[in-house]
2 protein chains.
Amino acid sequence: MSLHPAATRCLDCGLQKLCFPPSFDESALTRISQLVAQPSAFSKHDTVYRLGDPMTALYAVRSGALKTSMLLASGEEQITGFYLPGEVIGLDNMGQSHCASTATALEKTTLCELPVSGISRLSQQLPELQGHLFQIMSTELRADYQRLHLMAQASAEVRVVSFILGLSARQQQRHLAAHELRLAMSRADLGNHLGLALETVSRVLSQLAADGLIEVHGKQLRILHAEALAARVQASCHE
Amino acid sequence: MSLHPAATRCLDCGLQKLCFPPSFDESALTRISQLVAQPSAFSKHDTVYRLGDPMTALYAVRSGALKTSMLLASGEEQITGFYLPGEVIGLDNMGQSHCASTATALEKTTLCELPVSGISRLSQQLPELQGHLFQIMSTELRADYQRLHLMAQASAEVRVVSFILGLSARQQQRHLAAHELRLAMSRADLGNHLGLALETVSRVLSQLAADGLIEVHGKQLRILHAEALAARVQASCHE
DNA sequence: CGTAGCATTGATTCTCTTCAAGAGGTGTGG
DNA sequence: CCACACCTCTTGAAGAGAATCAATGCTACG
């Protein structure tokens with residue numbers, strides 16, 4: 001048997017409400033649990049899947065943090081997202097035979113593996129699961145549109161602030177301190193993701209700190225004036 | 001032909017191969033057809049759905065062209081995509097009760113309406129339909145990641161050239177002339193979508209024309225040297 | 001034929017990138 | 001435990017590229 005049998009049961013998992021909507025009943029959760037293998041552990045820099053790998057599963061983040069990226073022919077990397085506990089990675093590979101992206105752990109991370117074959121089969125039987133999958137995929141699409149807008153229109157400051165506030169909101173969903181963030185990724189990764197040079201990211205953070213809106217100590221970030229930050233994002237739109 | 005009743009049967013539709021993968025058999029197509037209402041017609045500037053509307057359907061483009069956009073609180077618009085015949089709009093609203101985006105016709109356009117309730121129900125019964133939906137959603141995700149990379153890293157020229165080549169490829173899929181494009185959208189829309197000022201779009205097009213790579217006459221665009229264009233996109237990566 | 005909207009072109013300004021140097025932190029080996 | 005090297009982050013100065021402002025040209029449509 002497994003080492004921590006209870007931990008693999010979604011019913012007992014603290015992240016249940018994040019992975020699945022509240023509408024899921026006990027029997028649905030039980031059936032999903034049966035698909036989930038023992039959570040697997042990854043260390044910093046480990047890849048969960050890589051560009052070109054056969055697409056076998058979705059993964060729900062149980063602890064830690066990851067980045068997903070597209071590696072281009074030229075060797076350039078585009079970081080497409082950072083993922084926290086309760087979030088699902090691999091959606092961009094759904095329906096494909098092979099992975100088009102790469103997922104890399106940013107720190108010690110554990111993941112619940114959801115085999116696609118099982119998920120597809122089960123979502124034939126559970127309309128609410130199918131609906132949920134559609135929903136998280138469309139949510140991902142909408143989030144990307146927001147980011148596209150950010151990249152298209154927003155200044156460096158607005159991009160960074162939006163990212164910080166977004167991260168804060170996601171932490172809050174996890175019932176974690178909304179004002180104490182840990183930037184698991186490097187400045188370079190952050191810059192890549194936001195379409196900025198890493199120096200620019202650093203400068204913006206320093207400026208925000210100088211203005212007394214945040215405190216930064218390496219990867220640790222404290223939000224001092226969330227409203228003032230939000231105001232700066234709005235400000236760029238009002239003109 | 002397109003107004004003939006029989007045209008609502010996917011089996012008889014010339015775009016069948018674009019809307020659905022070849023694996024769909026006759027009975028599957030027939031059942032999908034039964035969901036599709038008579039194609040509805042839209043004029044330039046008509047909206048198919050708007051931000052906040054109840055989410056009732058996906059739409060397959062039958063003829064014409066549309067743009068989809070997110071309207072932000074500030075009144076700003078972010079154009080998230082342009083859609084051609086055989087493509088499906090509304091995926092970003094899947095699983096949501098209300099639309100988070102707006103779809104606007106760029107010219108005379110006809111659409112096949114696919115009610116979500118029917119689509120959801122039918123995809124419970126047809127695994128290949130469910131798989132296809134997952135696939136087009138994930139394809140949309142991957143396309144957005146490409147665009148994100150474009151916005152994050154690429155120069156104005158590369159953005160415009162990538163867009164042109166992408167459009168050309170999509171035309172080719174439709175068995176249309178790959179080198180004769182009609183830019184149904186305005187320069188402003190194009191600039192918005194690519195994260196550039198409309199003047200910059202215009203300048204880049206003029207420059208490409210001056211270099212003898214394309215010909216531009218208003219909305220009409222002819223590609224003279226596809227390879228040279230592709231080379232310019234690559235060039236920015238090799239460094 | 002004239003007007004309105006869209007597109008092009010030019011000049012200037014500004015933001016971000018790039019290049020460069022130095023500081024802070026971390027991990028390893030002596 | 002300290003010293004050194006390595007890596008990441010910060011900060012500064014210069015330059016490039018696109019945005020903005022502004023004027024003119026083109027096209028379509030009543």
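Each chain gets a letter, A, B and so on, in the order its sequence line appears, and its residues count up from 1. Bear in mind that the values here come from a model prediction, so they are computed numbers and not experimental data.
In this structure, B/Leu205 places its CG atom 10 Å from P of C/dA7, rounding to the nearest Å. Per the geometry, CG belonging to B/Leu221 stands 14 Å off C1' belonging to C/dA7, to the nearest Å. At whole-Å resolution of the value, CD in B/Gln220 and P in C/dT8 are 13 Å apart. Between B/Asn192 atom CG and C/dC6 atom C1' the separation is 16 Å, expressed in whole Å. The distance from atom NZ of B/Lys44 to atom P of C/dG5 is 13 Å, rounded to the nearest whole Å. For the pair B/Leu106 CG and C/dC6 P, the interatomic distance rounds to 13 Å; values are reported in whole Å. Spacing between atom CZ of A/Arg203 and atom P of C/dC19 amounts to 13 Å, rounded to whole angstrom units. The nearest whole Å value for the distance from the CD atom in B/Glu199 to the P atom in C/dA7 is 11 Å.
Note on ring orientation: taking the six-membered ring where Trp is involved, the planes of A/Tyr49 and A/Tyr59 are parallel (angle under 30°, cut-offs 30° and 60°).
Using a cutoff of 4.0 Å between basic side-chain nitrogens and carboxylate oxygens, A/Lys108 and A/Asp46 are not scored as salt-bridged. The pair B/Asp144-A/Arg142 fails the salt-bridge criterion, with no side-chain N (NZ, NE, NH1 or NH2) lying under 4.0 Å from an Asp/Glu carboxylate O. Between B/Glu227 and B/Arg232 no salt bridge is recorded (no basic side-chain N to carboxylate O distance below 4.0 Å). Note on B/Glu87 versus B/Arg62: no salt bridge recorded, every NZ/NE/NH1/NH2 to OD/OE distance being 4.0 Å or above.
Atom CZ of B/Arg182 has more than 12 neighbouring heavy atoms from other residues, nucleotides or ligands inside a 6.0 Å radius. Heavy atoms of other residues, nucleotides or ligands lying less than 6.0 angstrom from NZ of A/Lys44 number 12 at most.
Note on B/Ser206: a side-chain N or O is less than 4.0 Å away from OP1 or OP2 of C/dT9.
The two atoms that bring B/Ala228 and B/Leu213 nearest to each other are CB-CD2, 3.5 Å, heavy atoms only.
Once you apply a 4.0 Å limit to the heavy atoms of chain A, the touched nucleotides of DNA chain D run 5' to 3' over D/dC9 to D/dA13.
Comparing A/Ala188 and A/Ala152, the nucleotide of DNA chain D nearest to each residue sits closer to the 5' end for A/Ala188. In terms of position on DNA chain C, the residue among B/Gln207 and A/Val201 whose nearest nucleotide sits closer to the 5' end is B/Gln207.
Residue side chain B/Arg187 does not reach the base of C/dT9 through any donor-acceptor N/O pair under 3.5 Å, judged by distance alone.
Among the protein residues, A/Ser186 comes within range of the sugar-phosphate backbone only, with heavy atoms under 4.0 Å from sugar or phosphate atoms but none that close to a base. Using a 4.0 Å heavy-atom distance criterion, B/Gly191 is classed as making no nucleic acid contact.
Summary for the helix from C/dC1-D/dG30 to C/dG30-D/dC1: the axes at its two ends, each from 5 pairs, differ by 40° when rounded to the nearest 10 degrees.
With sequence neighbours excluded, the residues that form a side-chain contact (heavy atoms from CB on, under 4.5 Å) with B/Val204 are B/Ala156, B/Glu157, B/Val160, B/Thr200, B/Leu208.
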